[in-house]
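Below is one structure, written out as structure tokens; the observations come after it.
Computation of the quantities below employed the complete heavy-atom set of this structure, encompassing side-chain atoms and omitting hydrogens, waters and symmetry-equivalent molecules. Residue numbers count from 1 along this sequence. When a ligand or atom number is given, it counts from 1 through the structure's own listing order.
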Amino acid sequence: MLRISPLRLLGFQRFCKVSPLEPSGPRQYCLDPLSFREDACNQRVFFTTPIFYVNAAPHIGHLYSVLLADALYRHRRLRVPSAAATRFSTGTDEHGLKIQQAATTAGLTPAELCNRVSAQFQQLFREAGIASTDFIRTTETRHRQAVQHFWEVLKARDLLYKGLYEGWYCPSDECFLPEAKITRQPGPSGDDGPVSLESGHPVSWTKEENYIFRLSQFREPLRRWLRGDPQAITPEPFHHAVLQWLEEELPDLSVSRRSSHLHWGIPVPGDDSQTIYVWLDALVNYLTVIGYPGAEFKSWWPATSHIIGKDILKFHAIYWPALLLGAGMSPPHRIYVHSHWTVCGQKMSKSLGNVVDPRTCLDRYTVDGFRYFLLRQGVPNWDCDYYDEKVVKLLDSELADALGGLLNRCTANRINPSGTYPAFCSACFPSEPGLVGPSVRAQAEDYALVSAMSSLPTQVSDHYDNFQIYKALEAVSICVRLTNGFVQRHAPWKLNWESPVDAPWLGTILHVALECLRVFGTLLQPVTPTLADKLLSRLGVSATERNLGELYFLPRFYGHSSPFEGRRLGPETGLLFPRLDQSRAWLVKAHRT
Ligand code: MSP
């Protein structure tokens with residue numbers, strides 16, 4: 001795993017010279033961000049992904065961003081099943097110089113490029129089982145209306161002024177850069193040209209009259225917000241990084257471009273000679289999808305959790321909250337930040353030719369297999385490296401062998417000929433450890449398993465709340481290992497159903513193991529929905545018994561009745577997850593070519 005400090009990667013870009021054209025000095029805004037917490041939002045939660053640029057086809061990094069949000073959304077639906085309480089949006093970011101230029105290079109109109117690539121994202125997300133409740137395209141009318149309304153509100157609050165902007169602009173990154181962030185590098189023609197120090201993308205000198213947002217006024221309110229809500233940006237190192245940036249001066253921000261230069265965007269209301277800056281346009285998508293400026297949006301804002309990559313932290317943790325405060329709204333409830341995927345140790349890029357196509361991966365490893373891999377291996381705090389062998393190894397060991405093997409062991413006809421959820425015998429496994437008696441068979445480690453399993457759902461929920469989904473999966477995987485150890489230790493295959501001494505204990509071993517499997521199936525639903533469905537169906541768990549509210553582990557051990565005891569198992573539908581290494585031929589071939 002590559003450990004890169006977020007602070008190093010997120011060098012804060014200070015901006016260039018801005019000279020106000022209007023003499024009216026800035027009005028001071030003493031906003032208290034925490035006072036904006038509307039209670040209207042009560043139980044509602046709204047998850048968002050970044051909206052994806054349509055200049056190129058989706059890669060595994062994009063899929064990872066959207067999968068994290070999908071898993072959070074699905075986990076929340078397991079806690080609060082009502083569809084009316086949770087929303088999840090994703091979409092495509094279709095305006096700006098980057099798209100305008102990509103369309104020219106591809107010999108297409110911007111609209112043609114947007115339609116083509118947006119469709120690719122939508123298809124990928126459908127194939128990957130993304131359960132979003134809205135897909136927004138910034139070229140939609142509802143979005144233009146929302147952006148223009150938002151602009152008018154800022155204008156009415158005297159937060160926009162006309163000024164002369166002078167500095168470097170990087171179209172690929174759609175951002176302004178100070179001189180200190182520029183270097184020179186040979187371009188395609190061999191001549192040295194100015195590029196962004198961080199991304200290596202070309203920059204050009206811009207000097208034009210633009211609308212400027214009074215960002216500088218929001219430094220203090222932003223600091224108060226972050227100090228008052230230490231989890232606002234999670235994980236913590238990113239929260240810390242933003243507070244560090246706010247130690248520095250925060251210059252005003254240019255929020256429009258000359259339309260003669262940038263025509264592919266939303267015009268500034270009342271001034272067609274200017275186009276709204278693509279980041280202001282893009283960020284407002286989070287309001288468009290909840291019905292802004294209609295009254296409906298107030299029941300979803302600020303109960304919003306943004307899931308974003310670390311490269312766009314500054315836009316979400318500084319510009320966006322400042323714009324919201326400026327428009328009289330609260331900052332979002334949470335900003336969950338993740339790191340990046342590299343490929344065989346290198347940054348993924350078209351020019352290096354190492355971009356990993358997510359659709360190929362979904363085909364090779366199955367949808368659930370690849371979802372599990374990305375979420376189990378992706379660590380928000382650090383970059384993660386991708387290579388094919390790693391996927392095969394992980395899926396074979398955790399899904400095929402450990403989980404699939406466990407299910408197979410407990411349901412196979414040989415060991416469970418009645419095809420039922422056998423009875424639990426309290427005399428064999430008393431709730432109090434250390435008891436001795438002729439029927440007692442449970443050992444100290446078995447009590448450790450029950451204890452680990454009983455706390456697993458809460459542990460998993462805590463990891464979701466802290467945006468550590470990989471830890472939730474790790475906790476499940478540890479318990480799968482413990483359960484396999486339990487079965488191995490008691491070797492039920494050596495016991496005999498015909499023996500009155502063996503039978504109650506044999507039934508108890510299987511009952512406990514099936515209970516563990518039921519918990520695993522329930523907890524894996526947000527990450528591997530199809531595989532979890534197969535597992536729960538095999539156990540005979542009905543659709544109404546799959547929520548977290550229903551998840552009582554081993555009630556018989558605690559002296560309660562179990563709705564599963566004696567129930568028929570569901571039909572046998574083959575291996576839960578077939579091993580991949582038997583079909584490694586393609587891997588070997590891929591490496592030879
Ligand atoms: N359009 C902007 C976001 C606007 S949100 C109002 C954008 N788009 S993007 O397509 O470039 O990136 C979308 C997301 O993909 C970001 O969260 C980014 O961090 C993520 N990823 C891009 N490359 C990635 C990896 N190599 N690995 C993981 N995620 C990466 O930025």
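Checked by atom type, the side-chain pair S254/N210 shows a donor-acceptor distance below 3.5 Å. No donor-acceptor contact under 3.5 angstrom links the side chains of D363 and Y365, judged on distance only.
Using a 4.0 Å cut-off to heavy atoms of D93, the atoms of ligand 1 that qualify are 1 (N), 2 (C), 4 (C). Interface atoms of ligand 1 facing H316, defined by a heavy-atom separation under 4.0 Å, are 5 (S), 6 (C). Heavy-atom proximity to A282, at under 4.0 Å, picks out these atoms of ligand 1: 6 (C). Less than 4.0 angstrom separates some heavy atom of Y286 from each of these atoms of ligand 1: 5 (S), 6 (C). Short contacts between ligand 1 and H338, defined as distances under 4.0 Å to a heavy atom of the residue, involve ligand atoms 28 (C), 29 (N). Short contacts between ligand 1 and M348, defined as distances under 4.0 Å to a heavy atom of the residue, involve ligand atoms 26 (N).
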Inset, instruction - Show your reasoning for whether side-chain contact (heavy atoms from CB on, under 4.5 Å) applies to R227 and L243. - result: CA-CA 8 Å; R227 290 208 201 100; L243 273 172; 4.3 Å; yes
Exercise for review: Show your reasoning for whether side chain to side chain donor-acceptor pair (under 3.5 Å) applies to R334 and T234.
Suggested key: CA-CA 7 Å; R334 288 275 173 277; T234 301; 4.6 Å; no
Candidate pair K390 and D385, rule salt bridge (Lys or Arg N to Asp or Glu O under 4.0 Å), full reasoning: CA-CA 9 Å; K390 201 167 171 180; D385 198 33; 5.6 Å; no
(request) Verify salt bridge (Lys or Arg N to Asp or Glu O under 4.0 Å) between D462 and K471, making sure each step is shown before the conclusion. (result) CA-CA 10 Å; D462 290 347; K471 282 194 185 165; over 6 Å; no
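At least one heavy atom of W279 sits closer than 4.0 Å to an atom of ligand 1. The closest approach between a heavy atom of S339 and any atom of ligand 1 is below 4.0 Å. In this structure, F315 does not count as a contact residue of ligand 1, since none of its heavy atoms falls inside 4.0 Å of the ligand. Residue contact annotation: E174 has no non-hydrogen atom under 4.0 Å from ligand 1. Proximity of K347 to ligand 1 is not established, as no heavy-atom distance is less than 4.0 Å.
If you check which protein heavy atom lies closest to atom 15 (O) of ligand 1, you get H62 CD2, 3.4 Å. For atom 7 (C) of ligand 1, the closest non-hydrogen atom on the protein side is Y53 CE1, 3.4 Å. Among protein heavy atoms, the minimum distance from atom 20 (C) of ligand 1 is reached at S65 OG, 3.9 Å. The nearest protein atom to atom 28 (C) of ligand 1, hydrogens excluded, is given as G61 CA, 3.4 Å; this is a heavy-atom distance. Counting only heavy atoms of the protein, atom 23 (N) of ligand 1 lies nearest to H59 CE1, 3.3 Å. Nearest protein heavy-atom neighbour of atom 31 (O) of ligand 1: I312 CG2, 3.5 Å. Of the protein's heavy atoms, D311 OD1, 3.4 Å lies nearest to atom 18 (C) of ligand 1. The protein heavy-atom contact nearest to atom 3 (C) of ligand 1 is I51 O, 3.2 Å.
A salt bridge does not link R137 with D93: every distance from a Lys NZ or Arg NE/NH1/NH2 to an Asp or Glu carboxylate oxygen is 4.0 Å or more. Under 4.0 Å is where a charged nitrogen must lie from a carboxylate oxygen, and between K98 and E174 no such pair does. Using a 4.0 Å cut-off between a side-chain N of Lys or Arg and a carboxylate O of Asp or Glu, D271 and K155 do not qualify as a salt bridge. Between E247 and R223 there is a salt bridge, since at least one side-chain N of the basic residue sits less than 4.0 Å from a carboxylate O of the acidic one. Residues D70 and R74 are paired through a salt bridge, judged by an N-O separation under 4.0 Å between the basic side chain and the carboxylate. Comment: R87 engages E296 in a salt bridge, judged by a side-chain N to carboxylate O separation of less than 4.0 angstrom.
Between G309 and ligand 1, an N or O atom pair is found at a separation short of 3.5 Å. Looking at W341 next to ligand 1, an N or O pair under 3.5 Å apart turns up. Taking distance alone, with nitrogen or oxygen atoms compared against 3.5 Å, Y64 stays at or beyond that limit from ligand 1. Close N/O approach between H340 and ligand 1 is found [any backbone or side-chain N/O within under 3.5 Å].
Side-chain atoms of D252 do not come within 3.5 Å of backbone N or O of I212 as any donor-acceptor pair.
The number of heavy atoms from other shown groups lying within 6.0 Å of CZ (R142) is above 12.
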